[in-house]
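One structure is given below, encoded as structure tokens.
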Number of protein chains: 2
Amino acid sequence: MTHKRDREATRARLLECARLRFARDGYDGTSVRDVAGDVGVDPALVFRYFGSKSKLFTEAMATSSAPVVLPDGPVDELPAKLLRQLVFEDWAEYAGEHPLIAMLRSASHDDMRDRVRQQVCDGYLGVLQELADGNEDADLRTELFAAWLLGIGILRTAVGTPTLAKATEADIAPHLAAVGEALFGRPIPVPEVPT
Amino acid sequence: MTHKRDREATRARLLECARLRFARDGYDGTSVRDVAGDVGVDPALVFRYFGSKSKLFTEAMATSSAPVVLPDGPVDELPAKLLRQLVFEDWAEYAGEHPLIAMLRSASHDDMRDRVRQQVCDGYLGVLQELADGNEDADLRTELFAAWLLGIGILRTAVGTPTLAKATEADIAPHLAAVGEALFGRPIPVPEVPT
DNA sequence: CAGCTAAGTCATCGATCGATGACTTAGTCT
DNA sequence: AGACTAAGTCATCGATCGATGACTTAGCTG
């Protein structure tokens, strides 16, 4: 029965609470004292463990027990999987929203902006690109589709538009198929929604 | 030749600089001292004129010499007009972005969130709704289209995705027509782009 | 010029924030 | 038990922020 004082456990709890705060209130809206208070620990400990608020943010966004993993599988099913992950998955560790959308709350800082762009470009645009193969303007079509998914997520949670906020995956699925086909010129199957 | 000291002129300059700062750096990222400094005036004057930082923000976002005016005209042309206004118009007074997107930078505050939602719902969704007439899920289709426009704007300027950031209105126009038709089941004319 | 009014300034307060370094306490090992 | 180490705390600094109230000065009028 060792460790009531457990460095790694405390560190992990700090990261967990930091994730929630940063996702919900943004970088500026979250103080180190807030995070430390959630854990019930002295604020100075945060600096001992992470060095600075900025490094705490970086590590909190990078590490998660439910990490963001890009979907794979047949290309035709990617749009539906991305919709599910970006819009409908309940990212409990990030206050309910997808980490990317949560991170946009802190995007008034240039380095956060860069981080979001890099994540979008290197991640989501890459897996979508295959869908646009064979079309001219393939890159543009890809980004336009990504813009749609991102916009849906933002309108749903960050803005809180009435109909979209209540919409289910099954409600949106047929329109996903229609828009996907319009952009990529190939049939996009309606995802199976678990009932 | 009266008035080197002109209350209304100074007020107007304060509002102008506040708009730029708030749009570029967000609410938290902008200090009253910043705005006063831009105008070359004492920070205390800001409180004398506007009462509080929050009221300064409200008035700065509400008043503009280039006010946001919802497009009208034939419904078929609305999507193209909205795309132009939301994504391609250079809102110089708001640091280049549409006021709505600029305002999203301050959306970590709940009242800002409410303001954005109200503007979207009462404004843009209203003028778009007519396009979805006759479809089932009319409200949902409308919001999905609005989400697309918003997402394009955000990906273009706030995130800075490479292809979209360089895309012109003429590049996007054909895809606008395709997606619009997919969502609304009616032909959406490609907008005439001035050359 | 005198004097009034309004535009603008100065000094300052209280709170909060990120950050630092010295200190205290809990847990383990001999 | 006593000492050593690492986990956590305390006191505090310096900067910044929003906000307030008393003060100064510019500009018009008689």
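Proteins come first, then strands; the chains are lettered A, B, ... in the order of their sequence lines, and each starts at number 1. Bear in mind that the values here come from a model prediction, so they are computed numbers and not experimental data.
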* Between A:R84 and A:E169, is there a salt bridge with N-O shorter than 4.0 Å? -> yes

* Ion pair check, B:R156 and A:E143, cut-off under 4.0 Å -> no

* Proximity to DNA chain C (any heavy atom under 4.0 Å), residues of residues 36-53 of chain B only -> B:V41, B:D42, B:A44, B:L45, B:R48, B:Y49

Between [atom2] on [N] and [atom1] on [X], what's the gap in Å once rounded to a whole number?
X	N	atom1	atom2	result
B:F57	D:dG18	CZ	C1'	16 Å
B:L56	D:dC17	CG	C1'	15 Å
A:L14	D:dA7	CG	P	13 Å
B:R33	D:dA19	CZ	C1'	9 Å
B:D28	C:dG18	CG	P	12 Å
A:R7	D:dA6	CZ	P	10 Å
A:K55	C:dG18	NZ	P	16 Å

* Taking the side chain as every heavy atom from C-beta outward, state whether A:L144 and B:I152 have any pair of such atoms under 4.5 Å apart. => yes

* Please examine the side chains of B:I172 and B:F88, heavy atoms only from C-beta on, and report whether any two atoms are closer than 4.5 Å. => yes

* Asked: Is NZ or CZ of A:K53 both nearer than 6.0 Å to the six-membered ring centre of A:Y27 and within 45° of the ring axis?
  -> yes

* Asked: Is the shortest side-chain N/O distance from A:T10 to OP1 or OP2 of D:dA7 below 4.0 Å?
  -> no

* Asked: Would one find a side-chain N or O of A:R5 under 4.0 angstrom from OP1 or OP2 of D:dG8?
  -> no

* To do: Classify the nucleic acid contact of B:S54 as base, sugar-phosphate or nothing, counting any heavy atom under 4.0 Å across all strands shown.
  => nothing

* Criterion ring pair (Phe, Tyr, Trp, His ring centres under 6.0 Å) on A:H98 and A:Y124, from CA distance to verdict -> CA-CA 13 Å; A:H98 189 280; A:Y124 295 93; 5.8 Å; yes

